[in-house]
Amino acid sequence: SGAKPISHSQITRLYSRFTSLDKGENGTLSREDFQRIPELAINPLGDRIINAFFSEGEDQVNFRGFMRTLAHFRPIEDNEKSKDQNGPEPLNSRSNKLHFAFRLYDLDKDDKISRDELLQVLRMMVGVNISDEQLGSIADRTIQEADQDGDCAISFAEFVKVLEKVDVEQKMSIRFLH
Amino acid sequence: MQWTSLGLMERQRAGSKGTTTVLAVLLSSFLQAAGVGALHGSPVAENGSWAAEEAQGNASMEHTFFSLDYQHVQVPFEITLWIMLASLAKIAFHLYNKLPSVVPESCLLIFVGLIMGGIIYGLNDKSPPVMDSDIFFLYLLPPIVLDAGYFMPSRPFFENIGTILLYAVVGTIWNVFGIGFSLYGICQVRAFGLRDVSLLHNLLFGSLIAAVDPVAVLAVFEEIHVNEKLHILVFGESLLNDAVTVVLYKLFRSFCEMPAIKTVDVFAGVGKFFVVGIGGVLVGLTFGMTSAFTTRFTKDIRVIEPLFVFLYSYLSYLTAEMFHLSGIVAIIACAMGMKRYVEANISLKSHTTVKYFMKMWSSVSDTLIFIFLGVSTIGENHEWNWPYIFFTVIFCLVWRALGVLVLTFFVNRFHVNTVTSKDQFIIAYGGLRGAICFSLVFLLPDFRRKKLFIAATTVVILFTVFAQGMTIRPLVDLLHVKRKRESAPTVGEQIHIRFLDHLLAGIEDISGHWGQYYWKDKLEYFNSKYLQKFLLREYDQPKSSIVLLYEKLERKHAIELAEAGQLGHAPSHPSLLNSDRTVITEKKSEDALCPDGLEDIQEILARNLYRIRRTGPAYSRHTLPGETEPVEQAQEILILQRRSLRLDASGSDGISPRKEKEGSSLARGDSDVQPRLCRSLTVEDAEKVRAVKQNRSQSVCVIPARSKQEGAGKEMASDM
């Protein structure tokens with residue numbers, strides 16, 4: 001779903017990538033197939049990114065699901081911004097991109113990033129020389145800056161507000177997926 | 001490059017004694033001043049009759065207890081002194097902390113060379129001898145290129161190979177003809193008095209001045225930290241344009257001597273280019289494979305393993321030169337081809353030795369080249385026709401900029417990873433000329449205007465190295481700074497931004513954003529089916545380099561543990577140990593939420609957040625790969641993930657007992673580990689792996705199961 005369909009050559013390219021990852025050749029990818037990508041192994045968020053491809057409770061993802069997830073990262077075309085507001089919002093809109101990122105933080109899916117969830121992500125992203133106390137104070141600070149309704153957690157709206165000055169479109173787009 | 005054969009013919013004219021005479025002069029002057037021995041104070045004659053005089057002088061003395069027999073040790077002594085001078089100069093530069101950041105090392109070295117040249121000129125009243133082209137091409141250049149090729153990060157190189165080749169081949173041709181023709185146009189202007197410089201001569205000059213020099217590029221780009229892709233583009237281009245330079249130089253040179261030029265000659269030139277380039281690659285690969293095969297059998301004589309690496313690489317260079325192919329391309333192909341297999345076959349210590357020696361030799365060569373450049377600049381070899389020189393410099397800059405612009409336009413149309421305009425500027429500005437041009441110009445046949453060319457080359461090199469080399473860093477900073485002028489991001493922003501960056505990097509890796517996977521897969525298939533069996537000693541136990549990396553890490557950690565004797569003192573290992581915490585708790589508990597803590601937090605984040613991959617160059621002149629931050633970061637992440645996986649699997653009851661068990665089992669030696677390791681690699685089901693958790697070796701293979709390899713793993717670690 002999106003205002004401008006993805007081009008044929010890009011689909012072919014993604015499909016060949018899909019098949020090259022699919023070592024079992026059964027038309028779906030499992031978590032192991034993703035984990036085989038070496039750069040992902042040393043990406044701090046590797047596991048979470050992989051999980052984002054799989055729907056709830058599923059262990060395999062087919063090509064459609066693969067593309068659907070990747071579609072979040074298409075660049076936002078300028079003319080799309082003024083497209084019809086009535087239709088469903090395309091997957092690669094700013095809001096949906098941010099929602100994708102938000103879901104990576106929010107593991108228990110309660111639409112809030114709690115202090116614990118934030119701590120988990122921080123621990124993954126930060127070197128080994130930081131103590132838990134320091135990390136805790138960083139997390140507290142982050143929540144304090146973002147929190148507007150006083151619930152000591154970051155809701156989606158607050159998350160969006162924190163990132164309002166950031167060029168999310170550029171930070172969450174892969175150029176060739178257009 | 002097959003300059004060496006030409007060099008031999010030019011030997012006498014080029015001041016053949018070269019370095020030796022230089023130092024002889026110096027030494028004699030100093031010894032005079034010190035009043036040592038019985039040397040006469042006569043000036044040094046050209047053909048080294050000084051040696052004869054000295055012998056006479058000695059013969060006429062009575063027996064003394066101390067006598068000087070310089071002639072006996074002259075050559076090695078002087079060579080060693082030059083190398084010593086080079087190294088001491090390097091130390092001196094690094095003593096001043098600020099200096100290398102303002103002025104790149106290459107400039108300082110040329111400056112030292114200039115001073116030395118000036119001294120020699122002053123003492124001797126005659127031009128100091130010019131750096132011998134033979135010494136340069138046979139001894140000084142190969143170590144640098146070998147070092148570059150061996151540590152070349154192959155993945156970015158091959159990902160961008162199309163762009164690199166485009167810049168190297170088409171760009172160089174564009175530059176050659178552009179500079180040649182425009183200089184010819186300048187020569188037509190009557191006022192400059194250059195009408196006798198023919199088109200062919202101008203083209204010949206263009207062919208040697210147009211090529212970007214890898215030594216200079218390396219030296220300068222070391223200091224400025226550009227992103228990996230940019231680094232590899234400029235650097236790869238500077239290495240590969242050798243093939244084009246060779247063909248064009250030889251072509252124009254032979255045209256100069258031919259009475260008439262037919263079109264078939266031009267086509268022959270084009271054909272030659274392919275022969276030179278592809279032939280160089282083939283020669284290199286042959287030697288590389290042979291070297292890998294040889295190391296398969298060196299299990300019992302580990303001490304000479306490093307030697308093979310160097311011998312085969314040097315042989316490939318010399319063989320390519322012998323056949324008039326491109327030696328630089330050959331040695332690079334050899335190094336890149338053999339690296340994977342050799343590293344699997346040789347021992348850890350040999351591996352370290354190879355790395356260290358390569359860095360050492362390339363460093364020495366590099367320093368010597370720049371010093372000699374400086375020395376050779378002084379003297380009476382130049383004809384200073386300022387308009388010509390001025391226009392040469394201008395045209396070099398202009399044509400390079402145009403070439404980069406036009407080529408990048410095409411590259412961006414067909415490629416997904418675009419070269420931004422800032423990158424383009426750096427590529428254009430970073431096209432430095434260096435010692436290769438210098439040596440080539442001295443190899444030119446003697447004709448009336450040769451000195452003009454020498455002068456122009458000298459000025460261009462000095463200009464690029466000094467002016468461009470010194471200003472490129474501030475310019476890069478200036479271009480970067482523009483983005484940072486907004487207000488400092490808040491803590492939350494910083495974290496989320498970094499989060500998004502990691503996310504994007506991961507998605508890019510998944511979507512295979514980079515490069516053509518079809519050929520890579522084919523190559524990997526070929527590799528695993530045929531090459532590995534032939535070239536690796538233990539092909540039936542293929543270890544991915546993640547596993548190798550992990551083993552090395554574990555070994556190192558185990559040694560540390562054993563030395564420390566106790567867990568609590570293990571240096572900076574994953575902070576899940578309780579011991580660190582207590583100290584920090586007292587200090588930081590007050591700052592939890594007060595605003596003063598903000599600066600601390602910013603600082604902590606800046607220092608400790610994991611970097612996104614690909615922000616820094618994987619290749620660096622001064623540090624060994626494996627000792628840079630990205631690798632340590634990767635190791636930490638791997639450990640943390642492994643630990644968390646094991647914690648999930650076993651339900652943690654403290655890390656400590658498990659760690660000690662590992663340490664002791666490791667201390668027992670590798671041989672136990674390996675057979676178990678190979679078996680575990682065939683385990684495919686993650687569940688099965690997790691179930692068998694007590695056995696230490698199988699917990700290692702959690703990693704390979706998580707990221708199973710086939711060469712892709714090797715690629716990653718070799719890039720790290």
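Chain letters run A, B, ... following the sequence lines, proteins first, then strands; residues in each count from 1. Computed from a predicted model, the values in this text were never measured in an experiment.
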What is the minimum heavy-atom distance between [X] and [Y], and which atoms define it?
| X | Y | answer |
| --- | --- | --- |
| A:Met125 | B:His502 | SD-CD2, 3.9 Å |
| A:Leu70 | B:Ile507 | CD2-CG2, 3.6 Å |
| A:Ala101 | B:Leu500 | CB-CD2, 3.7 Å |
| B:Ile510 | A:Ile49 | CD1-CG2, 3.9 Å |

key: A:Glu164 atom CD, neighbour heavy-atom count above 12 within 6.0 Å   =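 Atom CD in A:Glu164 is crowded, with more than 12 foreign heavy atoms closer than 6.0 Å.
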note = Applying a strict 4.5 Å limit to non-hydrogen atoms, the region of A:Ile143 in contact with chain B is neither
request  = Side chain from CB out, backbone as N, CA, C, O: work out which of these in A:Ala146 comes under 4.5 Å of a heavy atom of chain B, or both, or neither.
outcome  = neither
remark   = Assert top hit (heavy-atom pairs under 4.5 Å, partner chain B, pool A:Leu104, A:Val121, A:Leu21) equals A:Leu104
task = Output the option from A:Tyr105, A:Phe18, A:Phe66 having the highest count of non-hydrogen pairs under 4.5 Å with chain B.
result = A:Tyr105
request  = To the nearest 0.5 angstrom, please state how far the CG atom of B:Leu503 sits from the CG atom of A:Asn43.
outcome  =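 If I round to the nearest 0.5 Å, the distance is 8.5 Å.
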message = Quick check for you: to the nearest 0.5 Å, what is the distance between B:Ile495 atom CD1 and A:Leu122 atom CG?
response = 4.5 Å
message = Run the side chain to side chain contact (heavy atoms under 4.5 Å, CB included) test on A:Thr142 and B:His496 for me, step by step, so that the C-alpha distance in whole Å, both residues' side-chain angles and the decisive distance to 0.1 Å come before the verdict.
response = CA-CA 10 Å; A:Thr142 312; B:His496 296 315; 4.3 Å; yes
